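Worksheet for the structure shown next.
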Number of protein chains: 2
Amino acid sequence: MLTDSPSSLAASAPIARRPLHEAAIDRLRDLIVQGELLPGSRLNERVLAGQLGISRTPLREAFKLLATEGLVELLPNRGAIVAHLDPERIRQTLAVMGALEALIGELACKQAPEAAIAEIQALHFEMRAAHARRDLAAYFRYNQAIHLNLAEAAGNAVLALTYRQLNANVRRVRYMANLSPERWDAAVREHDAILAALSARDGTRLKALLSDHLAQKTASVLAALAERRIMAAA
Amino acid sequence: MLTDSPSSLAASAPIARRPLHEAAIDRLRDLIVQGELLPGSRLNERVLAGQLGISRTPLREAFKLLATEGLVELLPNRGAIVAHLDPERIRQTLAVMGALEALIGELACKQAPEAAIAEIQALHFEMRAAHARRDLAAYFRYNQAIHLNLAEAAGNAVLALTYRQLNANVRRVRYMANLSPERWDAAVREHDAILAALSARDGTRLKALLSDHLAQKTASVLAALAERRIMAAA
DNA sequence: TTTTTGTATTCTGCATGCAAAGTTTATAGG
DNA sequence: CCTATAAACTTTGCATGCAGAATACAAAAA
């Protein structure tokens with residue numbers, strides 16, 4: 001499933017129907033993650049509230065939320081800006097994600113339902129298709145979906161949620177930095193191996209593969225940042 | 001209970017030159033973590049705002065924040081309640097913390113400054129002192145401080161922050177559930193071994209010890225929950 | 001007595017007003 | 001022409017008012 005689960009921990013509560021304005025907040029999150037709002041951009045309450053069609057109060061609540069996710073920075077008495085992409089912070093985030101992926105791989109192999117693995121397999125083929133068509137946007141979507149579904153498949157909601165939140169920040173870089181063709185091909189091969197290990201429920205091998213995959217991803221992401229391919233607002 | 005002594009709250013909120021309301025929000029977090037507000041308690045906006053000496057708007061922002069930390073649950077159109085202590089959720093949280101502690105142990109041994117290790121060692125002796133005096137409250141404080149300092153010593157801010165947030169929920173259980181004398185003594189011995197491994201910068205051993213320590217802690221916490229030693233509001 | 005339905009009350013969620021902090025612009029002095 | 005300073009403007013942070021949802025209560029029906 002490609003639909004982004006937008007929720008924070010709060011959303012795990014028994015919710016029948018979400019407040020109307022959370023849609024607007026999710027839209028703001030997407031604007032930041034997809035790079036339409038550049039790092040460093042000031043987020044004027046009145047203007048942004050107008051653009052999103054909500055009032056300042058729920059928007060302010062959204063700022064606080066997005067700040068905990070590391071997507072915006074709150075400057076006392078000077079409002080909010082889109083959080084900068086600090087390479088060191090990204091590196092640290094990826095290190096934590098590595099620790100989580102190790103657990104994810106272990107748990108997923110041990111206790112993921114067959115249906116979940118089948119779905120991930122399906123997403124993998126979709127991703128292969130996107131790669132064959134050189135459709136980078138679709139590739140990214142399926143890639144994300146695979147990793148998030150894998151996190152879900154581990155059967156630990158806290159683990160999946162934590163992983164997702166950390167991922168949001170890294171995702172911003174991916175959206176802004178294209179991969180080199182070689183790296184793209186290599187990433188696909190890595191995913192092939194990952195899927196094979198998952199299907200075989202070989203936890204030890206999956207952990208190693210995920211760790212290697214993340215190391216490559218880290219290098220790629222940090223290289224993109226170092227090359228200043230990532231733009232920031234003045 | 002909060003409702004029993006509303007005046008103490010008002011008195012403990014000193015009027016700052018600039019009404020910085022984050023102090024009030026921290027106070028609310030403490031009330032939840034320390035169990036003065038029982039799981040399941042409804043958090044009436046107007047009442048609570050009055051007790052904390054702030055207005056509803058910043059309090060609502062606090063609710064959203066605490067929801068991401070898993071300390072309150074937001075029920076659409078029905079406000080906020082203190083989050084329930086779901087044993088399965090606590091178990092999942094502890095599993096994630098285990099993965100993080102493995103990384104913490106590894107990084108701390110590899111790159112913690114000597115001063116940080118010395119400080120942890122000092123806290124450890126303070127904790128031993130509290131244990132010798134059977135001062136449970138002080139013991140918990142030093143125990144927390146040790147684990148949090150260890151997380152900081154790993155030199156990864158994202159790691160430390162993530163660990164701290166997950167820890168908040170587990171801490172609530174510790175505050176409410178006393179340890180058995182045997183478990184208490186065993187925990188202290190485990191800490192002795194942990195400190196020894198850290199001082200020797202033996203990452204492999206530290207990881208194993210932390211893992212074992214957490215497993216014991218998990219058993220103890222879940223036992224407390226199972227024995228219904230943890231109270232919840234109706 | 002128990003269940004149901006209509007009504008009153010309470011509470012949340014959002015919009016908006018206001019004071020203070022911050023920013024920009026204009027002006028005077030060097 | 002450049003710098004310093006003050007006035008005007010902008011924006012945030014918080015308080016509060018209002019509409020609608022949810023709950024509690026009461027009376028009527030089974």
Side-chain angles (χ1 to χ4, degrees), chain A residues 6-29 32 37-38 40-68 71-83 233-234, chain B residues 2-3 6 9-10 13-29 32 37 40-68 71-84 233-234:
Chain A
S7 64
S8 53
L9 271 166
S12 62
I15 288 184
R17 216 164 34 125
R18 298 195 325 165
L20 195 62
H21 286 348
E22 289 215 12
I25 293 167
D26 291 341
R27 215 152 85 65
L28 173 57
R29 184 187 284 107
I32 295 173
L37 289 170
L38 294 177
S41 306
R42 293 206 64 244
L43 298 173
N44 182 298
E45 283 185 3
R46 217 173 297 266
V47 172
L48 198 54
Q51 288 172 349
L52 293 171
I54 59 180
S55 87
R56 290 171 53 218
T57 303
L59 181 59
R60 283 170 64 55
E61 292 172 358
F63 283 169
K64 289 257 157 79
L65 235 122
L66 295 174
T68 69
L71 292 176
V72 313
E73 294 169 19
L74 299 178
L75 313 177
N77 289 320
R78 284 190 296 156
I81 63 174
V82 178
Chain B
L2 183 57
T3 46
L9 256 178
I15 297 168
R17 267 193 306 282
R18 215 190 61 184
L20 186 61
H21 288 161
E22 291 209 16
I25 293 167
D26 289 341
R27 176 108 180 90
L28 174 56
R29 183 186 287 106
I32 294 174
L37 290 170
S41 305
R42 292 207 65 240
L43 298 173
N44 182 297
E45 282 184 2
R46 218 174 297 265
V47 173
L48 197 54
Q51 288 170 346
L52 290 170
I54 61 180
S55 86
R56 290 172 53 218
T57 303
L59 180 59
R60 284 173 60 64
E61 292 171 358
F63 284 169
K64 288 258 157 82
L65 236 125
L66 295 174
T68 69
L71 293 176
V72 313
E73 293 170 19
L74 301 178
L75 313 177
N77 291 320
R78 285 189 294 155
I81 62 173
V82 177
H84 289 97

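All figures in this text were calculated on a predicted structure; none of them were measured in a lab.
- Between D/dT23 and B/Arg78, a contact under 4.0 Å exists linking OP1 or OP2 to a side-chain N or O.
- The CG-P distance, from B/Leu59 to D/dG13, rounds to 17 Å in whole Å.
- Close to D/dT11, at under 4.0 Å from its OP1 or OP2, lies a side-chain N or O of A/Asn44.
- In this structure, B/Val82 and B/Leu37 have side chains that are in contact, with non-hydrogen atoms separated by less than 4.5 Å.
- Atom CZ of B/Arg56 is separated from atom P of C/dT10 by 14 Å (rounded to the nearest Å).
- Rounded to whole angstrom, the span from the CG atom of B/Leu74 across to the P atom of C/dC11 amounts to 18 Å.
- Between B/Leu52 and B/Leu59 there is a side-chain heavy-atom pair separated by less than 4.5 Å.
- Counting non-hydrogen atoms under 4.0 angstrom, A/Leu75 reaches the backbone sugars and phosphates but no base.
- Checked against D/dG13, C/dC14, D/dT16, the side chain of A/Glu45 finds its nearest nucleotide in D/dG13.
- With distances taken from any side-chain atom of A/Arg42 to the nucleotides D/dT11, D/dT23, D/dA15, the minimum falls on D/dT11.
- Nearest-nucleotide positions on DNA chain D place B/Pro58 closer to the 5' end than the other of B/Arg46 and B/Pro58.
- At a threshold of 4.5 Å between non-hydrogen side-chain atoms, the residues B/Lys64 and A/Lys64 do not count as touching.
- For A/Ile54, counting side-chain heavy atoms from C-beta on, the closest listed nucleotide (D/dC14, C/dA15, D/dT11) is C/dA15.
- Atom CD of B/Glu73 is separated from atom P of C/dT12 by 16 Å (rounded to the nearest Å).
- The heavy-atom pair separating B/Glu73 from B/His84 by the smallest distance is OE2-N, 3.1 Å.
- The residue among A/Gly53 and B/Ala80 whose nearest nucleotide of DNA chain C is located toward the 5' end is B/Ala80.
- At the heavy-atom level, B/Leu43 lies under 4.0 Å from the strands shown only through sugar-phosphate atoms.
- Whole-Å rounding puts the A/Ile81 CD1 to D/dT11 P distance at 16 Å.
- OP1 and OP2 of D/dC14 both lie 4.0 Å or more from every side-chain N or O belonging to B/Thr57.
- Looking only at side-chain heavy atoms (C-beta outward), B/Leu43 and B/Ile81 stay at 4.5 Å or farther from each other.
- Side-chain nitrogen and oxygen atoms of B/Asn77 include at least one within less than 4.0 Å of the OP1 or OP2 phosphate oxygen of D/dA22.
- D/dT12 atom P lies 13 Å from atom NZ of A/Lys64, rounded to whole Å.
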